[in-house]
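Written out below as structure tokens is the structure these notes cover.
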Amino acid sequence: MVTKVLCVAEKPSIAKAVANHLSGNQVIIRNVTGNVYTKNYEFHYNFATWGNCDVVMTSVAGHLLSHDFATQYRSWRSCDPSALFEATIDTFVEEGKKAISKNIEVQARYAQILYIWTDCDREGENIGSEIRDVATKINRRLRDPGKTVRARFSNIERAHIIEAARNPVPLDDAQANAVASRIELDLRIGASFTRNLTLSIQHMLQGEEKRVVSYGSCQFPTLGFVVERYFRVRNFLPEPFWTIKVMHEQEGIKVNFRWARNHLFDRMVAVILFERCLEAKTAKVTKVSTKPTSKWKPLPLTTVELQKCGSRFLRMDSHRVMQLAEQLYQKGWISYPRTETDQFDRGMDLRALVHKQIQGGPWRQFAQGLLNGGFSAPRNGRNNDKAHPPIHPVNFVDPSVLTHEEQRVHEFVVRRFLACCSQDARGSKTEISILYGIEMFSTSGLVVLERNYLDVYPYDKWTSSQDLPNFREGEVFEPTEARIQDGRTSPPGYLTEPELISLMDANGIGTDATMAEHIAKIKERAYVETRPRGRQPRRDDEDVSENEQPFEPEPARGRGRGRATGRGRGGRDGGNARDGGNSGVQEFIPTTLGVALIEGYENMGFEISLAKPFLRKEMELKMKAICEGRKTSREVVQETIDQYRAVYARTQQRLDVLRAVRSPRNASSWDILLIVK
DNA sequence: GCAAGGTC
């Protein structure tokens with residue numbers, strides 16, 4: 001008898017791709033009643049493990065099961081919110097997922113093998129266990145050893161998929177359990193704190209009665225970043241500094257030289273050094289060098305990068321960018337938009353993808369140029385989620401069939417991809433150093449020789465500077481002008497969306513798919529407000545000379561106070577230098593309520609601060625411990641709940657004080673701030 | 001009315 005194998009992927013696109021590879025196009029496609037996205041692919045396949053099989057390949061759409069408190073706890077006033085720490089949690093299939101789960105049941109009934117093809121990450125392992133739960137309920141034999149397996153795959157390239165089909169492995173229950181703990185903790189802690197905060201504070205807030213004051217393990221650290229920057233701006237103390245400016249005019253060109261010491265915070269010292277320069281009268285050219293330089297093309301596009309670029313270049317918030325990318329993906333124009341991978345797989349035929357783009361669009365000729373010899377393999381970044389390639393166009397679409405907003409995101413994706421397949425920009429950089437007294441000064445100039453990728457990627461700026469006059473090494477001249485100039489350090493700017501995303505990314509707050517949602521959530525909750533950043537006034541500590549090339553300028557805003565440098569950024573990208581041209585990008589300012597919440601929890605004196613990103617990191621460590629068998633999921637849930645109970649109790653005390661002291665009528669968010677402090 | 005994580 002032929003073995004029946006039921007394969008289930010995490011999403012329809014994977015089911016389709018895998019079915020295509022395994023079936024050799026001998027496939028029957030059936031619709032699934034009640035869900036327009038899910039399809040069943042029926043074909044034959046000779047598995048190394050089970051021989052010739054009848055295969056049904058289908059998919060779920062993310063998690064199949066939902067979790068919520070038992071019905072008696074659902075109403076907000078049904079119980080004390082702290083009861084949710086131990087309330088019964090029901091697991092069920094939500095209405096919208098019933099058709100998919102029914103399909104699994106029907107297909108699993110006579111299957112001998114359940115073959116899970118979810119993404120190879122923790123969530124995927126958990127989704128796999130949900131699929132197994134549904135299938136084994138109908139068909140208990142699938143619980144027997146070796147009857148439920150999963151595929152290990154890291155991309156959907158043909159040879160790789162066939163290799164994965166050859167080597168099924170067991171589902172990793174430890175990983176699935178780790179996620180189960182995460183789900184339970186987020187639900188219990190989020191719901192209990194949210195109900196408690198809302199029911200205690202709501203009536204004191206102006207505006208709508210229905211305002212929710214929520215706590216979430218991702219919302220709060222996100223808000224925390226905004227508040228922290230806010231205070232860094234507010235508490236900033238400008239510090240005076242002094243610098244020496246040297247200008248020399250040669251061949252009719254005015255050249256400004258930068259002091260090697262940049263600036264000093266001690267006026268006396270600066271004046272003494274300046275006087276020594278004047279005493280020397282002449283300056284001597286110590287170095288003239290001209291070297292080739294290049295500006296690297298961008299890395300393949302990840303979700304986080306797409307969101308940051310959306311804010312910077314398209315003036316769209318990250319949430320909107322993701323919505324549009326999702327639409328473009330579903331219409332089949334771009335690849336899967338949720339990816340951490342910034343490396344293209346070797347097996348991918350990138351030239352074929354470039355070829356599709358010669359059909360039209362303003363990038364048509366550039367794409368043709370790549371095919372005519374301009375092509376260069378993309379750079380490899382450091383990240384690979386082993387599930388999805390970088391975001392790239394998969395088909396040509398006439399821009400006129402897209403909405404205006406779709407067009408802009410699509411154009412960015414296409415241009416980014418073509419830039420990746422192009423060559424670095426090349427230039428020539430000249431550096432001139434002089435010794436004036438015993439002080440060093442320098443200037444530099446740039447000539448762009450080959451624009452290459454820049455021609456298709458207008459989001460990067462790299463332009464030739466003014467020509468430098470000829471200086472000879474050893475040449476001595478009397479500078480046209482030398483003066484001492486004072487200035488003050490200026491505060492960093494409020495947090496921008498690209499910066500916030502970088503911080504979340506670096507601290508593991510949210511995932512590529514959810515970061516934008518957390519940001520949208522804290523706006524919706526009125527914890528923060530956004531406004532377009534106006535053009536920053538030119539800072540006086542900014543050494544912008546006319547012949548300075550814009551290549552790798554000093555970090556944008558917020559150069560610190562000399563010793564205590566700058567802001568706490570931990571991102572890979574932490575304040576990309578390209579921020580230079582981003583007037584109009586949104587900046588985040590916390591509301592009084594947002595500040596009150598963070599301050600309130602920060603000042604509680606616990607070793608765990610709900611506002612800081614450590615908690616999420618700790619959660620990550622605990623999940624790892626479960627995965628490696630060092631802890632059980634029960635232990636982790638129990639000890640974490642105990643920690644939060646302590647914080648909850650303390651919160652409760654303060655909220656009680658707050659309620660007692662103020663009558664609802666004349667209280668304001670400021671009162672909350674004062675009292676929780 | 002609540003979280004965060006998948007996904008359409």
Side-chain angles (χ1 to χ4, degrees), chain A residues 8-16 32 34-39 59-69 73-79 81-85 87 89 94 96-97 99-100 118-119 121-131 176 178-199 202 208-222 322-323 325-332 336-338 385 387-388 504 508-522 524-525 610 615-616 619-620 623 640 644:
Chain A
V8 187
E10 184 164 323
K11 45 188 162 272
S13 58
I14 297 289
K16 181 180 179 180
V32 171
N35 188 300
V36 289
Y37 301 102
T38 316
K39 303 250 187 294
S59 67
V60 290
H63 283 284
L64 192 53
L65 303 180
S66 298
H67 310 268
D68 202 353
F69 299 106
Y73 300 101
R74 299 266 171 99
S75 156
W76 279 40
R77 295 184 186 274
S78 65
C79 63
S82 65
L84 301 179
F85 286 128
I89 292 176
E94 226 174 50
K97 296 281 172 79
I100 293 174
T118 49
D119 291 356
D121 51 26
R122 277 198 304 245
E123 293 293 333
E125 222 60 28
N126 183 272
I127 292 168
S129 80
E130 294 178 351
I131 295 165
V179 171
S181 308
R182 197 265 308 149
I183 291 170
E184 181 175 347
L185 287 168
D186 280 338
L187 176 60
R188 290 193 187 283
I189 297 163
S192 57
F193 276 73
T194 299
R195 285 189 194 179
N196 193 25
L197 278 172
T198 304
L199 296 176
Q202 189 179 59
E208 308 139 65
E209 279 291 291
K210 287 274 179 190
R211 275 256 294 266
V212 169
V213 185
S214 59
Y215 169 80
S217 57
C218 289
Q219 292 175 28
F220 255 53
T222 304
M322 286 309 291
Q323 286 175 338
E326 179 67 30
Q327 288 170 26
L328 292 166
Y329 161 67
Q330 282 182 39
K331 291 179 188 169
Y336 193 67
R338 290 178 282 275
D385 63 17
H388 309 284
M504 294 173 74
I509 307 300
T511 67
D512 50 4
T514 60
M515 279 188 285
E517 289 173 27
H518 300 312
I519 296 173
K521 185 71 83 184
I522 63 171
E524 181 194 328
R525 294 277 186 258
L610 265 51
L615 276 188
R616 197 75 207 175
M619 173 72 123
E620 189 60 32
M623 285 173 61
T640 309
Y644 277 86

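On a predicted model such as this, the values are computed, not experimentally measured, just so you know. Each chain gets a letter, A, B and so on, in the order its sequence line appears, and its residues count up from 1.
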Short side-chain N/O contact to dG1(B) OP1/OP2 from Arg77(A), under 4.0 Å: no
Leu64(A) or Gly190(A), whichever maps to the more 5' nucleotide of DNA chain B: Gly190(A)
Trp76(A) aromatic ring stacked with six-membered ring of dG1(B), 5.5 Å and 30°: yes
OP1 or OP2 of dA3(B) under 4.0 Å from side-chain N/O of His67(A): no
side-chain N/O Tyr329(A) vs dC8(B) OP1/OP2, d < 4.0 Å: yes
Nearest-angstrom distance from the residue atom CD1 of Ile509(A) to C1' of dG5(B): 14 Å
Plane angle bin for Tyr215(A) and Tyr644(A) - parallel if under 30°, tilted between 30 and 60°, otherwise perpendicular: tilted
Short side-chain N/O contact to dA4(B) OP1/OP2 from Arg122(A), under 4.0 Å: no
Distance test, side-chain N/O of Arg616(A) to OP1/OP2 of dG5(B), below 4.0 Å: yes
Thr511(A) side-chain N/O to dA4(B) phosphate OP1/OP2 under 4.0 Å: no
Rounded distance (Å) that lies between atom P of dT7(B) and atom CG of Leu65(A): 16 Å
Touch class at under 4.0 angstrom, heavy-atom based, for Asn126(A) against every strand present: nothing
Rounded interatomic separation in angstrom, taking CG from Leu615(A) and P from dA4(B): 13 Å
Side-chain donor-acceptor contact under 3.5 Å, Glu184(A) with His67(A): no
Nearest-Å distance for atom pair CD/C1', residues Glu123(A) and dA3(B): 13 Å
Ser214(A) vs dC2(B): side-chain N/O to OP1/OP2 distance below 4.0 Å: no
Gln219(A) CD - dA4(B) C1' separation (whole Å): 9 Å
Spacing of Leu199(A) atom CG relative to dC2(B) atom C1', expressed in whole Å: 10 Å
Sugar-phosphate only, base, or nothing, as touched by Ile100(A) at under 4.0 Å among non-hydrogen atoms: base
Distance, rounded to the nearest Å, where Met619(A) contributes CE and dA4(B) contributes C1': 9 Å
Distance, rounded to the nearest Å, where Lys521(A) contributes NZ and dG1(B) contributes P: 13 Å
Side chains of Gln330(A) and Glu326(A), donor plus acceptor under 3.5 Å: yes
Short side-chain N/O contact from Arg338(A) to OP1 or OP2 of dT7(B), under 4.0 Å: yes
